[in-house]
Protein chains: 2
Amino acid sequence: MPKNTIPDSETRATAEHAKDLRLWLRMLACTNLIENHVRAKLRSDFDITLPRFDLMSQLERSPQGLKMGELSKRMMVTGGNVTGITDQLVREGLVVREDSPKDRRAYIVKLTAEGRRSFRRMAEAHEGWMVSLFAGMDEKQRDELYDMLAVLKNSAAKVAAKR
Amino acid sequence: MPKNTIPDSETRATAEHAKDLRLWLRMLACTNLIENHVRAKLRSDFDITLPRFDLMSQLERSPQGLKMGELSKRMMVTGGNVTGITDQLVREGLVVREDSPKDRRAYIVKLTAEGRRSFRRMAEAHEGWMVSLFAGMDEKQRDELYDMLAVLKNSAAKVAAKR
DNA sequence: GATGATATTTCGATCCTTAAAATATCAAAA
DNA sequence: TTTTGATATTTTAAGGATCGAAATATCATC
């Protein structure tokens with residue numbers, strides 16, 4: 001067995017570093033591929049953008065409605081941003097701002113009946129796109145991916161949180 | 001053993017569909033977490049945006065330079081977009097447009113010496129961020145993730161390509 | 001040469017996004 | 001009750017990314 005089979009620690013460290021980078025690039029490529037597909041389909045089939053779809057999906061999960069600030073937190077964007085996206089959805093009649101009975105500074109944003117209908121149709125299509133995008137993976141592979149992503153999420157959250 | 005242990009095919013299908021959706025949402029959450037972290041660091045530490053960094057990284061992989069159209073293909077964005085990003089990098093002295101000797105319609109975009117220096121510093125830092133973001137995964141987990149992403153990439157590419 | 005393809009830029013437009021300032025209201029202390 | 005600091009939201013100003021289509025220049029071929 002040749003000596004060089006065992007790399008010195010510096011070589012190994014560098015190789016490991018490069019692996020993390022490749023892993024990230026591959027993950028980014030996958031996500032962009034899927035995300036761009038979804039954006040294009042949302043646009044072409046429903047004439048809506050991803051941020052607007054995301055806001056609606058937050059509201060669907062919270063039928064009692066959410067305050068602007070809560071939306072901002074959940075979507076991890078600034079308040080001004082939520083204002084703009086909400087304005088657009090209000091203009092389209094998909095959500096409403098109701099005055100909060102508890103706090104006159106705040107609004108409670110809710111899906112309208114039409115917004116709910118509209119969202120359900122979109123969500124169904126969205127789920128279908130996912131099924132076809134992931135169709136090349138068998139169940140075991142999908143489970144494995146799901147589990148590994150959980151580990152990654154914890155790992156990355158620790159780092160990203162610091163700031 | 002109760003009968004209902006084995007779900008009927010419709011129930012199973014719906015459950016599987018929902019799983020694909022959850023898988024995607026988890027993946028998206030992970031990627032956004034990391035991507036936002038990277039964007040913020042690139043901005044704060046190097047005053048550069050992700051698309052500009054990406055363009056430079058394409059050039060670093062092709063020291064002979066790339067035509068605008070090649071950049072456009074590799075970055076999966078339109079030509080007009082590449083023009084804008086390139087203009088900015090030229091203004092900052094990080095890349096140059098050289099006339100193609102073969103084709104007077106075309107430019108060959110290359111990193112300048114300063115661009116190369118600058119990119120290397122950024123890439124090193126970038127790799128370090130990746131190492132820390134993935135630090136919570138052991139080697140086996142990272143390999144597993146890497147492999148599953150390869151499967152996913154193939155699967156999704158098949159669907160996304162059709163259009 | 002003429003003509004259809006190709007490489008790039010320009011133009012017009014839409015969106016997302018942020019940070020900071022402005023507004024209104026709340027809640028608690030004085 | 002008045003003041004005061006915190007909170008919820010909007011407004012404003014600015015910067016980019018991004019696209020699609022039209023415009024320009026050049027190529028390559030008939």
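In what follows, chains are A, B, ... by sequence order, proteins preceding strands, each numbered from 1. All values reported here derive from a predicted model rather than from experimental measurement.
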Atom CG of B/Leu71 and atom C1' of C/dT9: how far apart are they, to the nearest Å? 15 Å
Does the pair A/Asp20/B/Arg142 count as a salt bridge with the N-to-O cut at 4.0 Å? yes
B/Thr31 side-chain N/O to A/Leu28 backbone N/O, donor-acceptor pair under 3.5 Å: no
With a 4.0 Å cut-off on heavy atoms, is A/Thr83 in touch with a base, just the backbone sugar-phosphate, or nothing at all? base
Measure up the A/Phe46 and A/Trp129 rings against each other and bin them: parallel (under 30°), tilted (30 to 60°), perpendicular (over 60°). tilted
Would you mind classifying the nucleic acid contact of B/Gly80 as base, sugar-phosphate or nothing, using non-hydrogen atoms under 4.0 angstrom? base
Nearest whole angstrom, please: distance from the C1' of C/dT8 to the CD1 of B/Ile85. 15 Å
Please tell me if B/Ser72 has a side-chain N or O lying less than 4.0 Å from either OP1 or OP2 of C/dT8. no
Look at B/Arg74 together with B/Glu70 and state whether they make a salt bridge at an N to O cut-off of under 4.0 Å. no
Taking only N and O in the side chain of A/Asn81, is any of them less than 4.0 Å away from OP1 or OP2 of C/dC16? no
d(CZ, A/Arg43; C1', D/dA17) in whole Å: 13 Å
Charged N to carboxylate O below 4.0 Å: is that the case for A/Arg116 and A/Glu60? no
In this structure, are over 12 heavy atoms from other groups packed under 6.0 Å from A/Glu124 atom CD? no
May I ask you to say what B/Arg52 touches in the nucleic acid, namely base, sugar-phosphate or nothing, with a heavy-atom cut-off under 4.0 Å? sugar-phosphate
B/Glu35 CD to C/dC16 P: how many Å, rounded? 16 Å
Proximity to DNA chain C (any heavy atom under 4.0 Å), residues of residues 87-106 of chain A only: A/Asp103, A/Arg104, A/Arg105
Value in whole Å for how far the P atom of C/dC16 lies from CZ of B/Arg39: 15 Å
Between P on C/dA7 and CG on B/Leu66, what's the gap in Å once rounded to a whole number? 14 Å
Taking for A/Gly84 and for B/Gly79 the nucleotide of DNA chain C with the nearest heavy atom, the one nearer the 5' end belongs to B/Gly79
Write down the distance between NZ (B/Lys67) and P (C/dT9), rounded to a whole number of angstrom. 12 Å
Atom CG of A/Asn36 and atom P of D/dT18 are separated, to the nearest Å, by 9 Å
Would you name the heavy atoms of B/Val109 and B/Leu59 that are closest together and state the gap between them? O-CD2, 3.4 Å
